[in-house]
Amino acid sequence: GPPEFDMQDGLSLALSYLEDPSNVPCPHCGPDTIEVVAFLDAQGMEQGTAIPTRPEGDYTVVLYCHNCGRAAALDLSRDDGSGQGREAA
């Protein structure tokens with residue numbers, strides 16, 4: 001399959017997405033290649049279920065680069081105060 005984004009790439013994607021969700025450059029290919037594929041319920045993702053949702057509150061955004069074929073799922077959940085933060089993958 002296609003190569004995967006590494007942790008540094010994931011951080012770059014997350015920061016870019018948080019700065020401007022409409023303009024997320026691929027860390028390998030540059031701008032204008034990443035598409036937001038889906039918004040999924042973050043808690044459902046933790047349980048292995050993909051439930052479409054709106055990009056509000058706790059959600060996971062799925063990004064895909066049309067140039068290099070890499071994909072990323074970024075968990076944009078907020079910490080619930082339990083100390084168990086969620087990760088971007």
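In this chain, residues are counted from 1 in sequence order. What you are looking at is a predicted structure, and each value in this text was computed from that prediction instead of being measured.
Hydrophobic clustering places Val62 together with Tyr64 (ILVMFWY residues linked when any side-chain heavy atoms are closer than 4.5 Å, directly or through intermediates). In the hydrophobic clustering of ILVMFWY residues, with side-chain heavy atoms under 4.5 Å counting as a link, Val24 and Leu18 come out together. Following chains of ILVMFWY side-chain contacts shorter than 4.5 Å, one can reach Ile34 starting from Leu76, so the two form part of one hydrophobic cluster.
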Stepwise side-chain contact (heavy atoms from CB on, under 4.5 Å) check, Val36 with Val61: CA-CA 7 Å; Val36 173; Val61 61; 3.7 Å; yes
Please assess Leu63 against Leu74 for the test side-chain contact (heavy atoms from CB on, under 4.5 Å), listing each intermediate value before the final yes or no. CA-CA 8 Å; Leu63 305 173; Leu74 305 175; 3.7 Å; yes
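Counting only distance, with no hydrogens or angles, the side chain of Ser16 and the backbone of Ser12 share a donor-acceptor pair below 3.5 Å. No donor-acceptor distance shorter than 3.5 angstrom exists from the side chain of Asn23 to the backbone of Asp20, with no hydrogens or angles considered.
Residue Cys68 is tested with Pro3, Cys26, Pro27 for a side-chain contact (heavy atoms from CB on, under 4.5 Å); the sole match is Cys26.
Once rounded to the nearest 0.5 Å, the distance linking CD of Gln43 with OG1 of Thr53 reads 10.5 Å. Atoms CG and CG, on Asp41 and Asp58 in that order, are 8.0 Å from each other to the nearest 0.5 Å. To the nearest 0.5 angstrom, Ser77 atom OG is 6.5 Å from Glu46 atom CD. In this structure, CG in Leu40 is found 10.5 Å from OG1 in Thr49, a value given to the nearest 0.5 Å.
The shortest heavy-atom contact between Ala73 and Thr60 is CB-CG2, 3.9 Å.
Between Phe5 and Leu13 there is a side-chain heavy-atom pair separated by less than 4.5 Å. Between His28 and Asp9 there is a side-chain heavy-atom pair separated by less than 4.5 Å.
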